[in-house]
Every structure is written in C-alpha cells, then in structure tokens.
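Each remark here refers to the structure printed beneath this line.
Chain letters run A, B, ... following the sequence lines, proteins first and then strands; every chain starts at 1.
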Amino acid sequence: MQVFNAFMKVLRKRIGTAMIWVVIFLIISFTIANNADTGKLKFESTKMDICVFDEDNTEASKALTEFLGKKHNIVTVENDKDHILDALYYGRADYIMTIKEGYEQKLAAGDTEELFTSYHVHDSYEATLAENLTNEYVGTVNAYLIGGEEMSSALTKTEKALSQEVKVTTETFDKGKKSDGPDEKFFYFQYLPYVFISVMIVALCPVLLKLNQKEIKHRTNCSCITARSQSAQIILGSTVFVLAVWLIFMIAGAVMFGGIYTGRMWYAVLNSFIFIVISAGISILISAFSPAENVVNVIANIIGLGMSFLCGVFVEQNLLGDGVLNAARFLPAFWYIKANDMLAGTTGEVFSKSKLFEYMGIEALFAVAIFAAVIIVMKVNHDKAD
Amino acid sequence: MEKTVVKIENLVKRYKELIALDHFSLEIKEGEIFGLLGPNGSGKTTTINCLLSLLSFDKGTVEIFGEKMTPVNYRIKKDIGVIMQNVAVFDEMTVYENIDYFCGLYITDKKVRKQYVDDAVKFVGLEDFLKFYPKKLSGGLLRRLNIACGIAHKPKLIILDEPTVAVDPQSRNKILEGIQELNKNGATIIYTSHYMEEIEQICTRIAIMDKGKKIAEGTTDQLKKMVKNTETETIEILDIPEAVMEEIRDLPHVYNASHDGNDLVISCSGGKHNLIRILQVLQKNELSFGRVYTTLPTLNDVFLEITGTELRDKED
C-alpha cells in the first residue's frame, strides 16, 4: 500500500487549502440556516399611511378615525388641494379621506351613501383596501344600528368585531400528502456543487498531479509495483477522500439541522453523492491535462464559480435567462439544482420520483462521460509519451 | 567468464521523422561502470528509457540479466535502481519518508526495509537531514537524496542518468565517489553524462553516442588510441625562424607544427621522447623559450576526430 500511503501523505499537506473552503462554507451555511426564512409563507397586514379630515367631528366620526388609526398609520397633511396632491405624489400618504359633515346623522338614519370623499392614486390597491375597510366599518355599524343598538354601543361593538384577526398559515399539498418543503435543509444542498467542485480540484488535483509527475511516475514504473496495483491504490485513495469529504458535509448538514435526514432529504443526499462523484471526475480530468500546480486554484475558481453562476447555484434558475439556461443544460450542476429545486419546492415544480430520477440519471451520465474523457486523455498522454 | 548484465541489440526508436536511436547495440558486463557519453540530444536518455521499458521502441531487443526486458518483467525490475536526470522525490515527505517510500516499492518487509533505508541514508550522508523536507535541502543534498531513493533497495544494476547536472564541484565529487563505492560493493553501473571528465574519472568502459548512434566504444585508453594525436606539445616562444619550423616538422612522429605569435604548438602521433627531440632542436638553434607543457588527448578529441565537431560545442 505504498502508493496509497504516499497519496495520503501528499493529501495531508494539501488538505489545509481545501479545509478553508469547507470551514467557510459550513460557517456560511450555519449562518444562513439560523437566519433563513423557514420557507413557510407568512401573512402580515399591510399598514398604510392614511390622512383623515374630520368635518363631522362627532362621536361616530371620531370612532372611525380611531379605528383607522389602529389599523393603519394616521398622517397629517395640510387640508389644501396642492398639499394633498403633493402628499400622494411623494408617497407621504397612501389615502386621504374626508368624513363629510352629517356623517353621524346619516349613519343613524341608515344612509350609508356618500359619507366620505377621498383623494388617492388612481387604481391603487391602497385605495381599494381603504375603501373596503371603511365600507366594512360603516356596514357593520349600520348592521348593529338596525339590530337596535344605540350609536355608542354600535360603535364599540363594531370596533371590537373588526379588531379580531384571523391567523393564516398556508400548506401545500401534493397527491394528498403534506409537502416537506420548501425547507432550509435543501438550501444547504443547493450550494454544495460549488464547494464540492472547489474542494475536489484544490485538494485532489494536486495529489494526482504529484503522483503522475513524470519523474516520480518513471521511478514508480521502474519498480516492482504493478501498474494495476498503482492505479488501484490511487483509485482507493481518491475514493476514501471523496467519501470523507461527502460524509463531512452530510454529517455537518445533519448536525446543523438537528438530526438524521428524513423523507425527501434522502433524495437530496443521493443527489449530492452523485455530484461529488462528478466533481471528483472533473478534478481527475483536469489533472490528466497536467496543469502547473499554481494554476490549479485558478481553474477551481473558474469552473466552480462559472458552473455555479450558470447553473443556478447562487441565483435561482427561474431568475436566469433562457439563453443561460439552455447553455447550462450541458453542465451537470444544472441537473443537480433542478433536482434539488424540485425537492425543495422552490420553483413550483411538482415532486415526481420519475422526474427526479431522470435528473439524477442525467447527472450520472455526465459522470460516466467525464470518466470516459479521463480514460481517453490518459491514453492520448500515454501515446504521446511514447 | 563475466556475465552479461545488459544486452541491447539493434535498437531503433523513432519520434515521427526523427530517429532517436539508430540500430544501437550495447553489451555491459557484470561489475562494470559503463559510461554513455554524448552531447545533449544524442540519445542517451532515450536509450535508458528504452532499456527500462519506459518507452516502447520500433525495433531491436533489450535483455537484462539474460531475460527479455518488458514493462511487466518485475523479476528484473526488482534488481534495478534508477536515478533520473531530474530529482524525483515528494516535496510533501521528509528525507526519511521519501527514501522509505521508494524503497518500499521494492521491499515489503518493514524490518528489512528499515535497515535498507538506514544504510542508504548513511551511504549518501544524510543522517542529519532525516526530518528535512526536500525544499529545505541544498542542490547537492537534494541530488544525494535522489540517489538514496534509487539505491536504497540495494539493486544489482544501477542506472544513473546525468545525476550531477547543476551540482557544485564538491557534491559532484562526493556523488562520483559514491558511485565507485556502489560498484565496489558489487553493483553494475550505467552512467550517462555529457561531462567527459566524469566519464573518464569513473567509467571502466565507455560508449560515445551521437545522433542516436554509437560512434565508439571501449576503455578510455582504447578510445584515445583511436585519435591520431597522442600528445600535443606547447612551448612559449616569441619568435621562431621558418627554417627551424621546418626542422621540427621533419622530426619523427610530428605531423603538425604551428606558431601563433606566442606559442609553438606541435601535434605528435605516437612515438616516445617527442618533447626532448623538439627541445633539442630549439637549443641547437640557440632559441630561448619559456613554459613548456604537454597535453594528452581527451574524449573530446575522440569525439572531434570522429564527428568533426567538439563535444562541448554540441552542448550549446
């Protein structure tokens, strides 16, 4: 196992650079995970800036102003047309209403028409929202009055009734089953292609370059160790390294998100395994071209960042242009992200096992193609050396 | 009868149009220090690579220890030690780890290996640098480490391909002494170099190569006998009449005499007491002279005689 031991010794000297990537990635992931939106949709009432001119100045008009103040922000604007228009134009107020004189009287008589005048931006949703709210308020007061309540009692009950808030949560359902996501755990998987490619190129590539360095290769080829044994030990070393890196990330992910993976997470785990094999293949392919050692980091950045940006690792695929996506189809990270997006439910693509395995299958084909390319390049190199 | 360790017959190696080895043949006996001398690009390294089956060749046969050498003949490989032109060690391993690694490619028994590694360390004098990484070693020490990695498994045949390139004179001498010691310990050595002085100093037999061909082979003395010039006499003399020059040219064994203003240079071919006879002519004609010295032919003269160009010219 001399070659394997040498592999590990050389790797140990190179692992420092790779560990920087790993640690930075894990810190960032941990930070994102702790601050991330959980992915559940939240609803919050919108607060508008409303200005109220009360010309009626009665108990009813004051109650309405107070009610609006609880729901929205009451702002003051000078009661002058120019100032009002300026306030709307510059966004200092979203809706400006005047409670007309005789408001309470009309309300008591059961007349709910033309109680207000208003200024608002044409067709704005704020205007619709404000009008709906005032209509609802007036309608409710009117209902209580018709029901025989006194004005003050009707106003109190209306205020109480409309202050009740309904708690809203959303759940998505797929084929009768409750969905797992969107989930922050999938976001962790989303960024793995970048770090996998970088770590593999930065750590694995220099080791392979060293073992295949012409002089060392010659010396090893002159020895008693068979070519098959040499290759087997290098493959074993690479496999151990790839598995170790993958396990570190899987265990870190599990620890970070509190326990063993469940449900669809296992598909993401499988997806990440296929991708790390691809990353190792890319690293081996690069080493087959025997680049200078000091160029390896540059190559890692170009391939890692390039593929990540093109394939939607950093920017969601649905935000990328068609041209970019069409080009990205020829890169394995595109299919990795597509599979991960489906699992996370971020793009709205309905989860389907067959689709998922199709994406993973394409990734696996990329892996096969890359390793085939490695064999061809090595063969060409061997022939050239002869 | 001495055993043949290496036998190369009619070796031909082509790189497209270029013929790197042109029907090259060689036989090396057990216990020899065999020198392959030739300018850069003459085919020395190609010969070594073909010999070790690191390169395939178009024609010919290579036998080592009486067996056909192939890339998978590990029985032969275990008895060969290789020290390449460029240092082949791991920068990521210490001196000891490097020697242990390369020795381990041949010797699997850890106990035996430890002993072998210790012997190799002692042999090259790297005892004080065992925990050093190669990058911390000087050029000379690095070359010694390179040698230790190649000989740690105690091979019977050691191939050294220009091991002293870019090495300071002190380290070079140590390396050359080491090679002679390895030979005394029973190893057959193949030594390639374009430094004729090194080859002359340590090799028992030499083959001179040029353009992929063996142009001469023999011991140093045998090779030097191939040259017409056996000695060159140089005498410091300011002026010499043409009549005296003619008298010198007529001396037996003198085949050329010239005067360049300060020195009288006389080339002789064979014979004894040539210098005495020349000095007698000068004394008889009452000509005073300064320093007198004799130079014997070198391998460069052999190369010059055969190829028409100097060995050193070709290096450039």
Side-chain angles (χ1 to χ4, degrees), chain A residues 1-19 202-234 236-237 241 287 290 292-294 296 378-386, chain B residues 13-16 20 45-46 48-58 64 69 71-94 97-98 100-108 110 113 133-135 146 149-150 152-153 155 157-159 161:
Chain A
M1 295 296 273
Q2 283 295 94
V3 178
F4 176 79
N5 290 338
F7 184 101
M8 287 302 161
K9 275 180 184 165
V10 177
L11 182 64
R12 217 167 50 205
K13 293 282 170 188
R14 309 281 164 169
I15 205 76
T17 323
M19 285 316 289
V202 165
L204 185 59
C205 200
V207 180
L208 297 173
L209 279 176
K210 190 73 202 184
L211 288 169
N212 288 318
Q213 190 189 315
K214 192 181 156 196
E215 289 78 19
I216 287 179
K217 186 91 179 151
H218 273 187
R219 190 164 251 174
T220 315
N221 285 346
C222 289
S223 74
C224 294
I225 193 161
T226 63
R228 188 173 291 181
S229 171
Q230 266 187 65
S231 306
Q233 290 184 48
I234 291 173
L236 179 65
F241 174 65
S287 73
S290 309
E293 255 192 78
N294 51 0
V296 169
M378 282 179 169
K379 174 88 175 69
V380 170
N381 286 347
H382 185 265
D383 292 347
K384 252 190 209 170
D386 243 11
Chain B
K13 172 69 189 173
R14 286 193 187 88
Y15 294 109
K16 290 181 182 167
T45 301
T46 305
I48 297 300
N49 287 341
C50 289
L51 180 67
L52 292 166
S53 283
L54 293 174
L55 269 182
S56 62
F57 41 85
D58 302 288
I64 300 177
M69 180 61 175
V72 291
N73 196 336
Y74 299 104
R75 203 169 46 234
I76 296 178
K77 284 184 171 183
K78 78 175 171 48
D79 287 325
I80 302 176
V82 184
I83 293 127
M84 292 291 184
Q85 196 170 345
N86 297 319
V87 175
V89 294
F90 288 97
D91 293 332
E92 297 80 2
M93 294 188 205
T94 63
E97 286 171 337
N98 263 298
D100 182 65
Y101 170 73
F102 288 108
C103 186
L105 296 177
Y106 301 85
I107 312 289
T108 45
K110 278 189 180 173
R113 191 161 82 218
Y133 284 93
K135 279 193 174 163
N146 195 35
C149 292
H153 60 288
L157 172 65
I158 301 171
I159 298 168
D161 188 10

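When all heavy atoms of A:Cys224 and B:Tyr74 are compared, the closest pair comes out as O-CD2, 3.2 Å. Shortest non-hydrogen contact noted between A:Gln2 and B:Leu105 is CB-CD2, 3.9 Å.
Looking at A:Ser229, neither its backbone nor its side chain comes within 4.5 Å of chain B, counting heavy atoms on both sides. Heavy-atom distances place both the backbone and the side chain of B:Val82 under 4.5 Å from chain A. Heavy-atom distances place both the backbone and the side chain of B:Ile83 under 4.5 Å from chain A. Looking at B:Asn98, neither its backbone nor its side chain comes within 4.5 Å of chain A, counting heavy atoms on both sides.
With contacts defined as side-chain heavy-atom distances shorter than 4.5 Å, the pair B:Glu92/A:Arg12 does not qualify.
Distance OG/A:Ser223 to CD1/B:Ile107: 11.0 Å, rounded to 0.5 Å.
For the set B:Met84, B:Glu97, B:Lys77, the count of heavy-atom pairs under 4.5 angstrom toward chain A peaks at B:Lys77. For the set A:Thr220, A:Thr226, A:Asn221, the entry with the most heavy-atom pairs within less than 4.5 Å of chain B is A:Thr226.
Here B:Tyr101 pairs with B:Phe90 under the ring pair (Phe, Tyr, Trp, His ring centres under 6.0 Å) rule; sequence neighbours left out.
Sorted by first then second residue, the salt bridge (charged side-chain N to carboxylate O under 4.0 Å, His left out) pairs that include residues 204-230 of chain A, not counting sequence neighbours, are A:Lys210-B:Asp91.
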